[in-house]
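Below: one structure, written as structure tokens.
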Amino acid sequence: RTWTVVSLVLAVAAALLVAVGPERASGADGAGGRRWITDGQGRALVLNGLNTASSAKSAPDGMPWIHSADVAREKRRLGTNFVRFLIQWRTIEPRPGRYDDRYLDEVAARVGWYGSRGYHVMLDMHQDVYGPRTKGNGAPAWATETDGLPVAEQGQWELEYVQPGTLRAFDHFWGTRRAGRNLRARYAAAWAHVAARFAHDPAVIGYDLMNEPWGGSLQGPAFEAGPLAALYRRTIAAIRSVDPDSWIFVEPEAVSANWGLPSGLPYLKDPRGDGDRARIAYAPHLYPLPMDLGGGYTGGTRAWVRRTLGSWRAQTERTARRLDAPVVIGEYGLDATRPGALTYVAEVRRTAERLGAGTAYWSNDPGPWAPWRRSKGGRLRATKLLAVLDRPTPLAVAGIPESYGWDGKSHTLAVRWEGAAGVTGGTEVYLPERFFPDGGRVTGGDVVSWDAASRVLVLRSGPGDHHVRITPAT
Ligand code: 9MR
């Protein structure tokens, strides 16, 4: 039965991909023309990091596996400036209307580990398969109504989303089946509680309202433009009543958008205002279907995945334009020991550079998906993935980025931007030791500083166009 469902899903997805077709991005083939998430100095941020952590989902206290030293290691080995940090409704609101502030204190302590090292933290209200009562994670037991319907464990965990009990729990959450308790109001209130706690924490850049939303028995644009948008509007209003400034990240329906299909998510107004005032960002995930099913990046699968990447990028640009939102790829990742996996990861990073999108790799949990694994003695050892994730990149651009990207063939990091009024500080780029053992040679710009410990080079900014190229110093 599993395989019947899988082949059905494959057939539908293939048909839709053909219908949608691989599109060329309209306009300039670059990062220009879109909104940017900016830092306190008005610089456009290129968010680059990992998800922390899958282990938090099943930990009774909801904490990820990391200690402060693990954050230090990540900074040292990958030069990251961003983390998508998992939190869960079950640990925030263990009983209806009762919030666990000790849990939020523990979250805040970990946010501090990142913040003290210059990271920007996105808090992600995670769920998979609704909650523990439906064999998933996220929602508290008191908010899980299955009407006694079963959830049978599946080999492929995603298939638990279509088990009767899971579908029913989602239908009751969204209120699409009958008028019952308004769980959406609880969810929005829980978010407001979290936002009130972190509104003035400078390390927290914003909030990812719901991981990989799933409509239960309501699917596609009817779900995204209906109950999902309604929940987002309600939650945005609740958050803005306590936190006027943090970014709010919204995700599309995962099952379609993750595979490069269109999203029907509508424009979401920010009470802060429209245009440059608004701080709503788009944070889709990228998991090409053949890889969800365990395929590598070779042969026919590779051709299909490449096609998905093209269509995913076009659809993401289209939705981001509609939302007038910057883009952060909240998750991409795979078992990096599979054939071709490392090439795929580099391909995704290139796609993100062309989109001008931030990225958070899934995930930092030691193992075959991660840049490190545990040795028999329990120590962390780098995997081959680490070298691919440790990629030269701008971290903050002092103006409006036009394009940027690392060319691994010519060993050149190119960054083009236009200086903008009101921006202070220079453009910061990360130059990993593996490519820049003696630092960078800069053409088309002036170096303000180079810090060999953090491997961050600061470039002078100012008005006008900047076309900087950085190659390894010899
Ligand atoms: O990698 C995670 C896997 O070990 C878990 O069994 C599964 C269910 O909790 O979740 C996986 O992580 C997923 C994440 O929660 C949501 N996006 C897709 C991730 C990879 O499948």
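Order of listing sets the numbers, starting from 1, for every ligand and every atom in it.
Every residue meeting the salt bridge (Lys or Arg N to Asp or Glu O under 4.0 Å) condition with Arg168, not counting sequence neighbours, appears here in chain and number order: Asp147. Residues satisfying the salt bridge (Lys or Arg N to Asp or Glu O under 4.0 Å) test with Glu224, not counting sequence neighbours, are none.
Counting only heavy atoms from C-beta outward, the side chains of Val71 and Val83 never approach each other to under 4.5 Å.
The single protein non-hydrogen atom nearest to atom 1 (O) of ligand 1 is Trp362 NE1, 3.1 Å, given as residue, atom name and distance. The nearest protein atom to atom 4 (O) of ligand 1, hydrogens excluded, is given as Ser54 OG, 4.3 Å; this is a heavy-atom distance. The protein non-hydrogen atom at the shortest distance from atom 9 (O) of ligand 1 is Lys57 NZ, 2.9 Å. The shortest contact between atom 18 (C) of ligand 1 and any protein heavy atom is with Glu331 OE1, 3.2 Å. In terms of protein heavy atoms, atom 8 (C) of ligand 1 is closest to Trp157 CD2, 3.6 Å.
The ligand atoms of ligand 1 that sit less than 4.0 angstrom from a heavy atom of Asn137 are 9 (O). Those atoms of ligand 1 with a heavy atom of Glu212 less than 4.0 angstrom away are 16 (C), 17 (N), 18 (C).
Between Arg272 and Asp245 there is a salt bridge, with a side-chain nitrogen of the basic residue lying less than 4.0 Å from a carboxylate oxygen of the acidic one.
Counting non-hydrogen atoms of other residues, nucleotides and ligands closer than 6.0 Å to CZ of Arg184 gives a total above 12. Atom CZ of Arg455 is surrounded by more than 12 heavy atoms from other residues, nucleotides or ligands within 6.0 Å.
Relative orientation of the Phe249 and Trp247 rings is tilted, given thresholds of 30° and 60° on the angle between their planes.
In terms of polar-atom proximity, defined here as any N/O pair under 3.5 Å, Asn211 makes no such contact with ligand 1.
Neither the backbone nor the side chain of Asp292 comes within 4.0 Å of ligand 1, counting heavy atoms alone.
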